[in-house]
Enquirer: 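This is the structure I want to talk about, given as structure tokens.
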Amino acid sequence: MKIPSTITALLVGIVITLASLWYGQNNGLLPVDASLEAAKIDQLFNAMIAIATGLFLLVQGALVYSLFAFRRRKGDDSDAEPVEGNVPLEILWTAIPAVIVLWLAIYSLDVYSLVNSGGFVGTSHMAHAHTHEVARAPGAAIAASLEDLNEMGQVPPIGTDDKLHVNVTGLQYAWLFNYPDSGIISGELHIPVNQTVELDIAARDVIHAFWVPEFRLKQDAIPGQTTHLSFTPSRVGEYPVICAELCGAYHGAMKTRTIVHTPEDYQAWVASQRVAVTPDPSSTLAAEPPTPAGARLAGYAHQHHLPLTLAAAHPEASIQAEHF
């Protein structure tokens with residue numbers, strides 16, 4: 001029994017559609033999602049993968065079918081049948097891609113607007129489930145001892161306006177993160193889980209691009225201009241920060257880390273950084289004023305019985321050294 005061509009085409013279309021939808025949801029091409037924004041971006045990515053897979057199977061399938069169905073038969077030296085065009089088919093294969101591209105454009109704009117308008121801020125407390133999937137860092141053990149300091153105002157509460165503001169600076173070839181509320185400057189981005197983070201991003205020299213693949217977000221760092229990026233981390237862990245803009249010879253080495261803490265561990269990190277930058281009044285280095293450069297040079301000359309002092313040999317250099 002010969003199956004009609006229309007039913008065959010229908011069955012092939014169903015198989016291609018099901019295969020495309022399955023691969024779109026099971027492609028495994030993305031790393032773990034670590035922000036609330038990642039879910040919407042992943043949905044858009046999976047939709048594009050499903051469409052691309054369907055088109056690939058359709059086009060390649062047509063090519064393979066044509067290789068066998070329309071091959072030159074043995075002993076057939078005649079010319080092929082001339083085909084000048086098929087208007088309905090040309091309209092069809094032009095209209096379908098146009099509709100797909102228009103739909104993807106609208107869908108992409110909707111996701112972009114939602115991510116950049118902070119549409120995920122209100123749902124930041126729904127992501128606590130991710131926090132319990134990862135073991136707490138060792139710093140959490142001392143978090144309880146910080147409660148009294150927090151009440152005294154020595155450790156700022158996380159995001160007094162429910163957001164953590166961080167100034168990000170890109171330069172060849174490193175990232176600097178400045179926390180204006182606490183005065184901390186770090187070479188790594190430390191942030192608490194389930195809280196909205198707002199980054200003000202700039203560059204000192206050339207164009208860089210701040211990119212964390214697990215957050216599914218990227219923003220350019222432009223000299224003389226401040227760009228912005230807002231997101232809500234949803235999973236405790238360490239994630240790479242990569243410069244996604246060719247910025248010079250060592251562009252590939254411009255990497256650092258984003259460390260997403262539990263709220264307790266983040267407070268512990270803030271406290272440890274404040275201790276690190278606060279001088280100890282009882283230490284010898286803090287108690288003794290720095291020795292002027294000229295005095296150090298004079299002592300060295302006296303100790304080694306040098307016949308000439310720096311002042312006698314190079315008076316201008318000595319004056320500059322005193323102001324160093």
Side-chain angles (χ1 to χ4, degrees), residues 1-117 119-120 123 126-127 129-130 133 211-218 231-232 234-235 239 242 244:
M1 178 179 177
K2 185 177 181 181
I3 301 177
S5 59
T6 54
I7 297 180
T8 302
L10 178 62
L11 293 176
V12 170
I14 293 175
V15 171
I16 291 177
T17 301
L18 293 177
S20 302
L21 293 175
W22 180 86
Y23 185 71
Q25 298 299 320
N26 300 275
N27 54 78
L29 297 176
L30 296 175
V32 63
D33 61 308
S35 72
L36 296 184
E37 292 77 8
K40 279 291 184 181
I41 297 173
D42 287 358
Q43 290 176 7
L44 173 60
F45 179 82
N46 291 339
M48 292 190 292
I49 287 294
I51 293 173
T53 301
L55 292 175
F56 174 82
L57 294 177
L58 182 63
V59 173
Q60 298 303 317
L63 288 175
V64 172
Y65 172 78
S66 299
L67 287 176
F68 291 95
F70 305 109
R71 70 186 186 278
R72 185 178 69 87
R73 306 298 177 176
K74 185 176 181 180
D76 184 4
D77 295 328
S78 62
D79 294 333
E81 181 181 353
V83 178
E84 296 183 1
N86 188 321
V87 175
L89 180 60
E90 292 174 1
I91 293 176
L92 182 65
W93 70 36
T94 302
I96 292 178
V99 171
I100 292 175
V101 170
L102 180 61
W103 178 78
L104 285 177
I106 297 174
Y107 188 10
S108 301
L109 180 61
D110 179 65
V111 173
Y112 177 83
S113 300
L114 182 62
V115 170
N116 285 273
S117 63
F120 295 88
T123 60
M126 298 174 60
H130 287 309
E133 296 178 5
W211 179 39
V212 180
E214 288 76 6
F215 295 161
R216 312 291 194 267
L217 297 172
K218 182 178 78 70
F231 60 94
T232 303
S234 61
R235 190 186 297 269
Y239 311 105
I242 302 171

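Here the structure is a predicted model, which is why all the values come from computation and not from measurement. Scope of the values below: all heavy atoms of this structure, side chains included, with no hydrogens, waters or symmetry mates. Counting from 1, the numbers follow the sequence of the chain as shown.
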Enquirer: Kindly compute the distance separating CD (Q43) from CE (M48), expressed to the nearest 0.5 Å.
Expert: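 The CD atom of Q43 sits 12.0 Å away from the CE atom of M48.
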Enquirer: Can you tell me how far the CD1 atom of I96 sits from the CD1 atom of I91, to the nearest 0.5 Å?
Expert: 12.0 Å
Enquirer: Looking at every heavy atom in both I242 and P213, which two are closest together, and how far apart are they?
Expert: CD1-CG, 4.2 Å
Enquirer: Where the side chain of N27 meets the backbone of G24, is there a donor-acceptor pair that is under 3.5 Å apart?
Expert: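 Confirmed, N27 side chain pairs with G24 backbone.
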Enquirer: Quick one: closest heavy-atom pair of L30 and R216, and the distance?
Expert: CB-NH2, 3.6 Å
Enquirer: May I ask you to decide if R72's main-chain N or O and D76's side chain share a donor-acceptor pair within less than 3.5 Å?
Expert: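 Absent.
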Enquirer: Is a side-chain donor or acceptor of R235 paired with a backbone partner of D33 at a separation under 3.5 angstrom?
Expert: yes
Enquirer: Considering non-hydrogen atoms only, spot the tightest contact between S35 and S234 and give its length.
Expert: N-OG, 3.3 Å
Enquirer: What verdict does the side-chain contact (heavy atoms from CB on, under 4.5 Å) test give for I49 and T53, after you've listed the backbone C-alpha separation in whole Å, the side-chain angles of each residue and the deciding distance to 0.1 Å?
Expert: CA-CA 6 Å; I49 287 294; T53 301; 4.0 Å; yes
Enquirer: How long is the gap from CD1 on I16 to CG on L21, to the nearest 0.5 Å?
Expert: 12.0 Å
Enquirer: Between F68 and R71, which heavy-atom pair has the shortest distance, and what is it?
Expert: O-NH1, 2.5 Å
Enquirer: Does the salt bridge (charged side-chain N to carboxylate O under 4.0 Å, His left out) test come out yes or no for K40 and D110, once each step is laid out?
Expert: CA-CA 10 Å; K40 279 291 184 181; D110 179 65; 5.7 Å; no
Enquirer: Among residues at least two apart in sequence or on other chains, which ones pass salt bridge (charged side-chain N to carboxylate O under 4.0 Å, His left out) with R73?
Expert: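 By the salt bridge (charged side-chain N to carboxylate O under 4.0 Å, His left out) rule, R73 matches no residue at all.
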Enquirer: I'd like to know whether W103 forms a side-chain contact (heavy atoms from CB on, under 4.5 Å) with I51, so could you lay out the CA-CA distance, the side-chain angles of the two residues, the decisive distance to 0.1 Å, and finally the verdict.
Expert: CA-CA 11 Å; W103 178 78; I51 293 173; 3.9 Å; yes
Enquirer: Which heavy-atom pair separates W211 from L217 by the least distance, and what is that distance?
Expert: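 Heavy atoms only, the tightest pair is CD1-O, 3.2 Å.
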Enquirer: Which pair of heavy atoms, one from E37 and one from F231, lies closest together, and at what distance?
Expert: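 Of all heavy-atom pairs spanning E37 and F231, the closest is OE2-CA, 3.2 Å.
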Enquirer: Is L44 close to S108 at the side-chain level, that is, under 4.5 Å between some pair of heavy atoms?
Expert: yes
Enquirer: Please round to the nearest 0.5 Å and tell me the distance separating atom OH of Y23 and atom CG of L29.
Expert: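 So the gap between those two atoms works out to 4.5 Å.
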